[in-house]
Participant: 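Submitted below is the structure of interest, expressed as structure tokens.
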Protein chains: 2
Amino acid sequence: MEAEAELDAVFKALADRTRRAVLDRLRERGGLTLVDLCEHMEMSRQAVSKHVAILESAGLVATRRSGREKLHYLNPIPIHEIQERWISRYERGRLAALANLKNALEGRND
Amino acid sequence: MEAEAELDAVFKALADRTRRAVLDRLRERGGLTLVDLCEHMEMSRQAVSKHVAILESAGLVATRRSGREKLHYLNPIPIHEIQERWISRYERGRLAALANLKNALEGRND
DNA sequence: TTGACAGGCAACCATTCAGTTGCCTAATTT
DNA sequence: AAATTAGGCAACTGAATGGTTGCCTGTCAA
């Protein structure tokens with residue numbers, strides 16, 4: 001996948017608190033089924049299923065079939081890549097940008 | 001703002017390549033006007049303006065008025081907070097999660 | 001002082017998104 | 001064999017998104 005498209009997919013997947021909650025559950029315990037993931041979610045199984053599908057297609061969740069169950073696991077790689085290939089660029093210039101912003105907002109015209 | 005609501009706002013703001021392009025421009029050079037930001041963007045000024053408004057309300061961009069111009073600056077804090085308060089949790093358990101995932105996908109049933 | 005320029009506001013449009021319901025298949029359990 | 005359980009598919013709905021156009025208000029420069 002093209003780099004920008006992958007950023008789109010991952011950031012979009014993360015831009016929903018239900019999906020972030022699913023990731024948090026899988027981070028603390030892998031191998032959960034869809035029914036497991038539905039626990040404490042105040043929406044239908046189908047709604048959760050759609051969210052999981054979005055996480056899957058962004059590569060954030062990988063699955064394995066076992067009989068009639070589908071076990072879900074966190075794939076940490078996309079988040080790592082976002083950190084390394086996108087966020088780190090902003091972290092690098094962070095203090096300089098902050099100082100620049102402060103100067104600008106204090107009205108200095110340079 | 002509530003923590004989850006702020007994550008929503010920032011991730012949603014980042015989930016669009018036009019808005020990420022605006023941030024990239026402001027990262028390399030602050031103090032740009034809306035007209036500056038429209039350069040190389042293949043859409044109307046109003047469309048860009050809406051994107052900038054979303055970045056502003058997520059706190060990623062701060063502005064200062066100067067006469068009839070509005071100067072835009074990158075605010076690096078929200079990205080830093082996402083990194084520190086959200087991503088770092090995933091980075092910490094990264095290698096363990098990766099090993100777990102690999103085992104699971106190789107069919108081990110434990 | 002008149003025109004050009006930076007920006008804001010509002011209405012509209014098509015598409016996507018988050019959720020629902022209803023039904024279906026396949027694997028288990030009893 | 002029958003009932004239950006895990007999951008998938010499709011159609012529908014309302015709201016949010018990303019874009020457009022038209023017009024309006026300040027500010028600056030000729």
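All chains are named by letter (A, B, ...) in the order of the sequence lines, taking the proteins before the strands, and each is independently numbered beginning at 1. Bear in mind the structure is a predicted one, so any value in this text is a computation, not a measurement.
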Participant: Please, which pairs that meet ring pair (Phe, Tyr, Trp, His ring centres under 6.0 Å) have at least one residue in residues 19-39 of chain A, sequence neighbours excluded?
Facilitator: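 Of all non-adjacent pairs touching residues 19-39 of chain A, none passes ring pair (Phe, Tyr, Trp, His ring centres under 6.0 Å).
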
Participant: What pairs of residues pass the salt bridge (Lys or Arg N to Asp or Glu O under 4.0 Å) test when at least one of them lies in residues 23-43 of chain B, not counting sequence neighbours?
Facilitator: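 Applying salt bridge (Lys or Arg N to Asp or Glu O under 4.0 Å) to every pair that reaches into residues 23-43 of chain B, excluding sequence neighbours, yields A:Arg89-B:Asp24, B:Asp24-B:Arg27.
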
Participant: Take A:Arg17 and B:Glu2 through the test salt bridge (Lys or Arg N to Asp or Glu O under 4.0 Å) and record every step on the way to the result.
Facilitator: CA-CA 12 Å; A:Arg17 65 183 72 190; B:Glu2 180 214 353; 3.7 Å; yes

Participant: Without decimals, in angstroms, what is the distance between B:Leu71 CG and D:dT27 P?
Facilitator: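 B:Leu71 atom CG is separated from D:dT27 atom P by 15 Å.
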
Participant: Can you name the one residue among A:Arg19, A:Lys12, A:Arg20 that meets salt bridge (Lys or Arg N to Asp or Glu O under 4.0 Å) with B:Asp8?
Facilitator: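 The option that passes is A:Arg20.
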
Participant: Let me know the distance between CG of B:Leu32 and C1' of C:dG7, rounded to the nearest Å.
Facilitator: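 Taking atom C1' of C:dG7 as the reference, CG of B:Leu32 is at 16 Å.
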
Participant: Starting from C1' on C:dG7, measure out to CD on B:Glu56 and report it in whole angstrom.
Facilitator: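 My rounded result for the distance is 12 Å.
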
Participant: Under a single-linkage definition using a 4.5 Å side-chain heavy-atom cutoff for Ile, Leu, Val, Met, Phe, Trp and Tyr, are A:Leu71 and A:Leu74 assigned to the same hydrophobic cluster?
Facilitator: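 No; A:Leu74 is not reachable from A:Leu71 via cluster members.
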
Participant: Would you mind reading off the distance between B:Lys70 atom NZ and C:dG7 atom P, rounded to a whole angstrom?
Facilitator: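 Those two atoms, NZ and P, are 9 Å apart.
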
Participant: For the pair made of CG in A:Leu37 and P in D:dT5, what is the distance, rounded to whole Å?
Facilitator: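 Value for this atom pair: 19 Å.
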
Participant: Please tell me if the side chains of B:Thr63 and A:Leu105 come closer than 4.5 Å, counting only heavy atoms from C-beta onward.
Facilitator: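 No - every pair of side-chain heavy atoms lies 4.5 Å or more apart.
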
Participant: Between C:dA6 atom P and B:Arg64 atom CZ, what is the distance in whole Å?
Facilitator: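 These atoms are roughly 17 Å apart.
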
Participant: Let me have a per-nucleotide readout for nucleotides 16-30 of chain C, 5' to 3', with B, S or -, counting only protein heavy atoms under 4.0 Å.
Facilitator: --SBBBB----BS--

